[in-house]
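Remarks on the structure that follows.
Just so you know, these numbers use all the heavy atoms, side chains as well, and skip hydrogens, waters and symmetry mates. None of these values were measured; they are calculated from a predicted model.
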Amino acid sequence: MLASLLLGMALPVSQAAATELPAAEKGHLAQIADAYLQRRADAVTLSRSQGLRAAAPLALTAQAADELGGEIAALQDNARALEERWSGFSHAEVTVIPGKGTVSGDTATLEVEEETRLYFPDVQEGDAITHTSYVLPHTLTFKRAVDGAWKLADDQTPDNGSGPAVPTQLEDPGPINEPGPDDEPLPGSED
């Protein structure tokens, strides 16, 4: 008898099963992701001070905004160290490719692939290398605010432990001024 009564009841919103994210919401969350990832990329460029001051507010939960503020400061410190070593990056272009998206109650999850190009300053016509790039998957979690707006709450990237560190991530790759594997200093350094 109890089982038949429970079958007719809807689960509370917070316990609802995850369903596919509607296309319109997926597109909106991808826009939030793009703005967030562009902000991180801008933090490691020479144009970081101008772009971050004038940037529009991001749709973040209060906790995510606090964390991002600290991360942006750390990324800017990394950028200054890169500039001292070998001129850093002039600007960044980020493309976000949305993947699977689900929603369960007031929580949405969106998998995206970040494709970022970080451009070198003072590139001359005919230079073979104008930028460095990377592709990084993210699993983003969004929470619906009281007003119904989606806010980015969390960003998870895989910890693959191989390859060069991504400049917009705060994993600890070791000191930035260490010589390369052949004990040669980075271009433009005094070592």
Side-chain angles (χ1 to χ4, degrees), residues 6-45 47-79 89 91-119 131 133-160 165-172:
L6 289 176
L7 291 175
M9 297 177 64
L11 291 173
V13 172
S14 63
Q15 295 178 5
T19 59
E20 186 174 339
L21 196 60
E25 284 188 313
K26 186 176 184 178
H28 177 66
L29 297 183
Q31 289 176 340
I32 294 171
D34 186 77
Y36 159 74
L37 293 170
Q38 184 68 55
R39 181 78 53 94
R40 291 185 73 89
D42 287 344
V44 299
T45 68
S47 61
R48 69 187 169 279
S49 58
Q50 303 93 321
L52 293 175
R53 255 182 283 154
L58 295 174
L60 303 172
T61 63
Q63 181 179 354
D66 286 346
E67 289 175 17
L68 180 62
E71 289 178 4
I72 291 294
L75 291 170
Q76 290 174 327
D77 288 344
N78 288 352
F89 303 109
H91 65 284
E93 291 177 2
V94 175
T95 301
V96 170
I97 301 168
K100 180 182 176 185
T102 59
V103 63
S104 177
D106 291 336
T107 302
T109 302
L110 181 63
E111 295 175 4
V112 301
E113 187 173 86
E114 171 193 5
E115 295 180 357
T116 296
R117 290 182 175 186
L118 295 166
Y119 289 87
H131 66 277
S133 61
Y134 63 87
V135 176
L136 185 65
H138 295 260
T139 300
L140 304 171
T141 303
F142 297 84
K143 298 289 184 181
R144 192 183 308 269
V146 175
D147 65 0
W150 286 110
K151 306 277 185 177
L152 179 62
D154 190 40
D155 174 9
Q156 295 294 314
T157 57
D159 181 18
N160 65 8
V166 175
T168 60
Q169 299 300 305
L170 290 174
E171 299 152 7
D172 187 12

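Lys26 contributes a side-chain N or O that, together with a main-chain N or O of Gly99, makes up a donor-acceptor pair within less than 3.5 Å. A distance-only check finds no donor-acceptor pair linking the side chain of Ser104 to the backbone of Thr107 [under 3.5 Å].
Side-chain contact between Tyr134 and Leu118 is present, with heavy atoms from C-beta onward closer than 4.5 Å.
The shortest non-hydrogen separation linking Pro158 to Pro137 is CD-O, 3.3 Å. For Lys143 against Ala153, the heavy-atom pair with the smallest separation is CG-CB, 3.7 Å. When all heavy atoms are compared, the tightest approach of Ala33 to Leu140 is CB-CD1, 3.3 Å.
Atom NE2 of His28 is separated from atom CD1 of Ile32 by 3.5 Å, given to the nearest 0.5 angstrom. Rounding to the nearest 0.5 angstrom, the gap separating the CD atom in Glu93 from the CG atom in Asp42 is 10.5 Å.
Inspection of the Glu114 and Thr116 side chains reveals an N or O donor paired with an N or O acceptor under 3.5 Å. In this model, no donor atom of one side chain and acceptor atom of the other lie less than 3.5 Å apart for Gln38 and Asp34.
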- Verdict with supporting geometry, Leu58 and Leu152, side chain to side chain contact (heavy atoms under 4.5 Å, CB included): CA-CA 9 Å; Leu58 295 174; Leu152 179 62; over 6 Å; no

- Step-by-step side chain to side chain contact (heavy atoms under 4.5 Å, CB included) determination, Lys151 to Leu60: CA-CA 5 Å; Lys151 306 277 185 177; Leu60 303 172; 5.7 Å; no

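Heavy-atom neighbours of Gln63 CD from other residues, nucleotides or ligands within 6.0 Å: at or below the threshold of 12.
Using a 30° and 60° split on the angle between ring planes, Phe142 and Trp150 fall in the perpendicular class, above 60°.
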